[in-house]
Amino acid sequence: MPRTLRIAAAQMGPNQRADERSAILARMIALLDRAADDGAQLVVFPELAFTTFFPRWLLQPQDVDGYFEPAMPNPAVQALFDRAAERRVGFYVGYGELAGGRHFNTSITVGPDGAVLGKYRKIHLPGSVEPRAGDRFQQLEKRYFEYGDLGFPAFWGPKAWHEPVLGMLVCNDRRWPEAWRCYGLQGVELMLMGYNSAAYDPNGGTAENEAIRTFHSTLAVQANAYMNACWAVSVAKAGNEDGSGLIGGSCIVDPNGTVVAQATTLGDEVIVADCDLDACRQGKEKMFNFAAHRRPQYYGAIIDQVGATLPPKPAVSTEERRSA
C-alpha cells in the first residue's frame, strides 16, 4: 500500500505590528481552507505565524509578553484549531511560547483530530542579547527567547498519514546539520520547519542580500534532506514586514534533495506536493545506512567543541620546504 501524504506549505506574507490578531488568524484559516480544498492532509505554517517578527525591535519589558502565547491553543487562536479539526487537516505552526514565566521560540504539530502530536523549542538562536548601536532593525532572539530545552524529539504521525516519523525545526535550526542528524538517527521521514529570515544581513553589514539568503535557505534544506533521506517542508513568512524585508522561497524537498514545489511570491501562497514516504528507503538503506557506515568514534569534536580550533602549524613552513 502506498504511503503517500499530501502536504501543503502555507507561506504567509508579512504581519505588521499594527495588524489585529483576528485579521492574521483569518488569513491563516483561508490558507488552511485553500490547502484542504486541494486535498492536503497536513499544512505547514511559518515561524512566529501569529505575530510580526518582533525580535527585530528593541521592546520595552512590559510589551514583550504580548507577543507570546500562554497556552496552545488559547482563545486568540482557537478558531484555527477548530477549522483544522472540522476539515480533518493537521498542521505545524510556530509561535512565541510563554511557559511558567519562560520564553521560547516554539513549534507544534497538530494531528487531523486536533490533538497536539509534538512540540519543539528552537535551539539555535541567532543574533545577540544587546542591540547594535545605530541600527534600526536588530536580531534580538537571544534577548527574548531562552534556548530550547526539549532536544530534538522525533515522534509518530497518525495512521491517517501512514504513520511517518516526524521531526520539527525552527528557522535557524535548518542551517545546522547536527540538528538534522539527531533526527536522522531516529529514522525521521518528514521534517517540518517554519522561518522568518531577513532579506538582508540581520547581524549588520552588506555581504548578504535577498537572493543569496534565499539560495542559502533552500540549499540548507536540500542538502540536509538528502543526507538524512527524508522529506522536508520549509515555510516562510515573507515580504515587507514593518519596513523590513523577509525572504520567501518556501519549498517542499524530497529525500533526493530535489525541490518538488516552491513558492514564487512574497505573499500568502499555498504550494502542495504528494510525498511518497517510502521514497526515504533508498537513502536510508543504501548511501545513508547509518548502522553500516557511521563511524561515531571519530566524531567527538562535534559534541565536545564549540568554536573552531586550528590545526598545529608545521615546524617548517611551506616556503622553506619548497626551497630545501
Side-chain angles (χ1 to χ4, degrees), residues 7 9-12 42 44-49 53 55 91-95 104-109 118-127 139 141-142 145 147-148 150-155 164-186 188-199 201-203 208 210-238 246-263 271 273 275 280 283 288 302:
I7 304 176
Q11 179 173 288
M12 294 177 64
L42 170 61
V44 182
F45 290 104
E47 173 191 29
L48 298 177
F53 184 74
F91 63 93
Y92 161 111
V93 68
Y95 62 97
F104 298 100
N105 191 339
T106 296
S107 64
I108 55 172
T109 297
K119 176 188 283 189
Y120 171 76
R121 290 170 173 166
K122 186 175 181 177
I123 287 175
H124 297 96
L125 298 178
Q139 174 40 290
E141 288 195 54
K142 285 183 169 71
F145 301 119
Y147 291 101
L150 301 178
F152 301 104
F155 55 99
V165 180
L166 298 165
M168 290 185 284
L169 298 171
V170 176
C171 197
N172 192 41
D173 290 315
R174 74 195 189 281
R175 307 180 194 275
W176 292 86
E178 296 91 338
W180 291 76
R181 186 49 48 91
C182 286
Y183 282 118
L185 289 169
Q186 299 171 77
V188 70
E189 296 176 296
L190 175 59
M191 190 76 79
L192 310 177
M193 70 209 87
Y195 60 95
N196 287 199
S197 292
D201 186 344
N203 297 299
E208 297 181 353
E210 181 177 358
I212 194 65
R213 286 182 62 79
T214 304
F215 169 74
H216 287 160
S217 178
T218 308
L219 173 67
V221 178
Q222 289 183 268
N224 284 290
Y226 164 65
M227 290 185 288
N228 292 280
C230 66
W231 286 88
V233 186
S234 185
V235 183
K237 175 143 61 66
L246 295 171
I247 66 169
S250 301
C251 59
I252 301 174
V253 175
D254 74 10
N256 287 314
T258 301
V259 175
V260 298
Q262 188 155 28
I271 58 172
C275 302
C280 301
F288 297 108
I302 293 176

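It should be emphasised that the depicted structure is a prediction, and the values quoted were computed from it without experimental measurement. Numbers here are sequence positions counted from 1.
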Give the minimum heavy-atom separation between [X] and [Y], together with the two atoms involved.
X    : Y    : result
A273 : V260 : CB-CG2, 3.9 Å
W176 : N172 : CD1-O, 3.0 Å
A49  : M12  : O-CE, 3.4 Å
Q11  : A236 : CG-O, 3.3 Å
R175 : P177 : O-CD, 3.5 Å
I271 : C251 : CD1-CA, 4.0 Å

Does any part of the side chain of [Y], heavy atoms only, come nearer than 4.5 Å to the side chain of [X], both counted from C-beta?
X    : Y    : answer
P46  : Y195 : no
P55  : L48  : yes
Y92  : V235 : no
C275 : L190 : no
P202 : R213 : yes
V44  : F91  : no
W180 : V188 : no

Stepwise, does the side-chain contact (heavy atoms from CB on, under 4.5 Å) test hold for F155 with K119?
-> CA-CA 9 Å; F155 55 99; K119 176 188 283 189; over 6 Å; no

Is there a donor-acceptor contact under 3.5 Å from the side chain of N256 to the main chain of T258?
->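 It does not hold such a pair.
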
Can you label the angle between the F152 ring and the Y120 ring as parallel, tilted or perpendicular, going by 30° and 60°?
->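 Geometry flag for Y120 against F152: parallel rings.
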
Step-by-step side-chain contact (heavy atoms from CB on, under 4.5 Å) determination, R121 to Y147 = CA-CA 8 Å; R121 290 170 173 166; Y147 291 101; over 6 Å; no

Which residues satisfy the side-chain contact (heavy atoms from CB on, under 4.5 Å) test with E210, sequence neighbours excluded?
->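 In terms of side-chain contact (heavy atoms from CB on, under 4.5 Å), with neighbours along the sequence ignored, E210 is linked to A199, T214, I247, L266.
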
Residues which pass side-chain contact (heavy atoms from CB on, under 4.5 Å) with A229, listed by chain and number, not counting sequence neighbours |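 For A229, the residues satisfying side-chain contact (heavy atoms from CB on, under 4.5 Å) (neighbours in sequence not counted) are K284.
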
Which value, rounded to the nearest 0.5 Å, describes the distance between [X] atom [atom1] and [Y] atom [atom2]?
X    : Y    : atom1 : atom2 : result
S217 : I212 : OG    : CD1   : 11.5 Å
F45  : L192 : CZ    : CG    : 12.5 Å
L166 : L42  : CG    : CG    : 7.5 Å
N228 : Q186 : CG    : CD    : 11.0 Å
N196 : E47  : CG    : CD    : 4.5 Å
L125 : E141 : CG    : CD    : 6.0 Å

Go through the steps to decide whether M191 and Y183 satisfy the test side-chain contact (heavy atoms from CB on, under 4.5 Å), and finish with yes or no.
-> CA-CA 9 Å; M191 190 76 79; Y183 282 118; 3.4 Å; yes

Which atom pairs, one a donor and one an acceptor, fall under 3.5 Å between side chains of residues 219-227 and the rest of the protein, sequence neighbours left out?
from: Q222; atom 1: NE2; to: G257; atom 2: O; distance (Å): 2.8
from: N224; atom 1: ND2; to: A220; atom 2: O; distance (Å): 2.8

